2 protein chains.
Amino acid sequence: MCRALVLDLSCKSEYALLALVELSAHYAEGEPIQIRQIAAEQHIPDRYLEQLLAALRRAGLVRSQRGAKGGYMLAREPWKITLLDVIQCIEGADAQSADRAKNPKSVAGNVILDVWKDAVQAAETLLKSQTLQDLVEMKDARNQVEIMYYI
Amino acid sequence: MCRALVLDLSCKSEYALLALVELSAHYAEGEPIQIRQIAAEQHIPDRYLEQLLAALRRAGLVRSQRGAKGGYMLAREPWKITLLDVIQCIEGADAQSADRAKNPKSVAGNVILDVWKDAVQAAETLLKSQTLQDLVEMKDARNQVEIMYYI
DNA sequence: GTATATCCCTGTTCTCCACCGGACTTAGTG
DNA sequence: CACTAAGTCCGGTGGAGAACAGGGATATAC
């Protein structure tokens, strides 16, 4: 049977988020960024990152430009992309996980499922409230702190 | 690097919860219940359930009695076992998943990890507030509703 | 037309989940 | 005491997905 209602930060999601933070940081420049560059900056295997960006593109979160001087850029402003958008797109690629989660064969099963859904929704609400822009700002704030240690 | 913080209701956890609800419902009787009986009642493969109950026993959530007329019973009162207790014991069997989840190699990685931890904690707080006793009561309430439909 | 990118399709390795079987141990019953 | 009903321990299997790697096709700037 194997129903699964998963809330899980895998490498996959983390890689995707790192890449999108990188794209967000350079969003204002308006020029595409190459996979290689992102991979080097965030220490992600480039061949793997390519697949993740492809999924993000199909989901409409990023746009790509082929050919020389090509690369990737955000499809919309970084404050209009929530963390939930990213994770759902990456993790729920098959996406039927939620669909086939609906034949508990006992009353107890239904009760458990309901409680679990509440818990997942609590987490999702929090992830929905944070955008890529927020991540970039938090990152910059921490970098600032690190620099101050040098003075 | 791989895998940081997971919050996931798999078959495994669901089976365990179903079994514990069953044990909770018969807690007052004070007699052990057999694997076979639980498995039949909740439609769980018995050989698999055996392994789950073994894990719950090692975690101190249930007690077992061997031999004829043996079986399993809760180690403490059903209102003193939270859903988080169960899921952490089942899902975190390897348990190092949280331990080795802490060497993000960039500032961005740290920021992502922190936000994720907040989200997980939101869900855990909710799971911590519900006990096995609560599940049993919710189940009974629903059974009552079903009976009323027959009248 | 060549260098530089993405696009797409196909493995490969590895781990974990869900589950099965068999041998051993313990405890009640006659 | 033997028998039997239960849990306990050990291992194995099949499938799925995660985390990659390779190769060739395609599009674009210069």
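These numbers come from a predicted model, not from an experiment. Within every chain, numbering begins at 1; the chains are lettered A, B, ... in the order of the sequence lines, protein sequences first and strands thereafter. Reckoned from all heavy atoms, side chains included, excluding hydrogens, waters and symmetry mates.
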Asks: What is the separation between atom NZ on B/K12 and atom P on C/dC19, rounded to the nearest whole Å?
Replies: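 So the NZ-P distance, B/K12 to C/dC19, works out to 12 Å.
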Asks: Could you tell me how far apart A/I90 (CD1) and D/dA18 (P) are, to the nearest whole angstrom?
Replies: 10 Å
Asks: Would a 4.5 Å heavy-atom cut-off, applied to side chains only, mark B/L132 and B/W79 as touching?
Replies: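 SC-SC contact between B/L132 and B/W79 ruled out.
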Asks: Do any side-chain nitrogens or oxygens of B/Y15 fall under 4.0 Å of OP1 or OP2 in C/dC19?
Replies: yes
Asks: Quick one: does B/D114's side chain have a donor or acceptor within less than 3.5 Å of a partner on B/V111's backbone?
Replies: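 Not at all, since once roles are kept as given, no pair shorter than 3.5 Å links the two residues.
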Asks: Going through the distances and angles, do B/L56 and B/C89 end up as a side chain to side chain contact (heavy atoms under 4.5 Å, CB included)?
Replies: CA-CA 7 Å; B/L56 294 174; B/C89 143; 3.5 Å; yes
Asks: Any N/O pairs under 3.5 Å between the protein and nucleotides 26-29 of chain D? List them or say none.
Replies:
{"from": "D/dT26", "atom 1": "O2", "to": "A/R66", "atom 2": "NH2", "distance (Å)": "2.9"}
{"from": "D/dT28", "atom 1": "O2", "to": "A/A68", "atom 2": "N", "distance (Å)": "3.1"}

Asks: What are the residues of residues 17-29 of chain B, sorted by number, that bring a heavy atom to within less than 4.0 Å of DNA chain C?
Replies: none
Asks: Do A/W116 and B/I87 have side chains that approach each other closer than 4.5 Å (heavy atoms only, starting at C-beta)?
Replies: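 Yes, at least one pair of side-chain atoms sits under 4.5 Å.
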Asks: Find every protein N or O atom lying less than 3.5 Å from an N or O atom of nucleotides 13-15 of chain C, and list the pairs.
Replies:
none

Asks: Please report, rounded to the nearest Å, how far the P atom of C/dT6 is from the CG atom of A/L56.
Replies: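 Atom CG in A/L56 sits about 14 Å away from atom P in C/dT6.
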Asks: Apply the test side chain to side chain contact (heavy atoms under 4.5 Å, CB included) to residues A/I90 and A/L17: give CA-CA distance (whole Å), side-chain angles for both, the deciding distance (0.1 Å), then the verdict.
Replies: CA-CA 10 Å; A/I90 289 292; A/L17 283 173; over 6 Å; no
Asks: Just wondering, do B/P32 and B/K69 contact through their side chains at under 4.5 Å, heavy atoms?
Replies: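 No - every pair of side-chain heavy atoms lies 4.5 Å or more apart.
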Asks: Rounded off to whole Å, could you give me the CG-to-C1' distance for the B/L52 and C/dC19 pair?
Replies: 10 Å
Asks: Measure from CG on B/L53 to P on D/dA6 and round the result to the nearest Å.
Replies: 15 Å
Asks: How far does CD1 of A/I112 sit from OG of B/S13, to the nearest 0.5 angstrom?
Replies: 10.0 Å
Asks: For the pair B/K80 and B/T131, evaluate side chain to side chain contact (heavy atoms under 4.5 Å, CB included) and give the outcome as yes or no after the intermediate values.
Replies: CA-CA 7 Å; B/K80 288 187 178 172; B/T131 70; over 6 Å; no
Asks: For a 4.5 angstrom cut-off between non-hydrogen side-chain atoms, does B/M73 reach B/V62?
Replies: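 The answer is no, as the side chains (C-beta and beyond) never meet within the 4.5 Å cut-off.
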Asks: Show every salt bridge (charged side-chain N to carboxylate O under 4.0 Å, His left out) that has at least one partner inside residues 15-40 of chain B, sequence neighbours left out.
Replies: B/R36-B/D46
Asks: Test side chain to side chain contact (heavy atoms under 4.5 Å, CB included) on B/N143 and B/K139 and set out the steps.
Replies: CA-CA 6 Å; B/N143 274 332; B/K139 191 194 70 164; 4.2 Å; yes
Asks: B/A39 and B/L49: which non-hydrogen atoms are nearest, and at how many Å?
Replies: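 In terms of heavy atoms, the two residues are closest at N-CD2, 4.0 Å.
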Asks: What's the shortest heavy-atom distance between A/S64 and A/R57, and which atoms?
Replies: OG-CD, 3.3 Å
Asks: Considering every strand and a 4.0 Å limit on heavy-atom distances, what is the contact class for A/R63: base, sugar-phosphate, or nothing?
Replies: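 Here A/R63 touches no strand at all.
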Asks: Within residues 34-49 of chain A, find the residues that approach DNA chain D with a heavy atom at under 4.0 Å, and present them sorted by residue number.
Replies: A/P45, A/R47, A/Y48
Asks: Is the shortest side-chain N/O distance from A/S64 to OP1 or OP2 of C/dA5 below 4.0 Å?
Replies: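 For C/dA5, OP1/OP2 do not have a side-chain N/O of A/S64 under 4.0 Å.
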Asks: Backbone N or O of B/E137 within a donor-acceptor pair of the B/D140 side chain at under 3.5 Å?
Replies: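 A pair under 3.5 Å: no.
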Asks: What are the atom names and distances for every N/O pair under 3.5 Å that joins the protein to nucleotides 12-15 of chain D?
Replies:
none

Asks: Sub-3.5 Å donor-acceptor pair from the side chain of B/D85 to the main-chain atoms of B/T82, do we have one?
Replies: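 Judged by distance alone, yes, a pair lies under 3.5 Å.
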Asks: Which value, rounded to the nearest 0.5 Å, describes the distance between B/K128 atom NZ and B/Q121 atom CD?
Replies: 8.5 Å
Asks: When only distance counts, do a donor and an acceptor, one from the side chain of B/E50 and one from the base of C/dC20, lie under 3.5 Å apart?
Replies: no
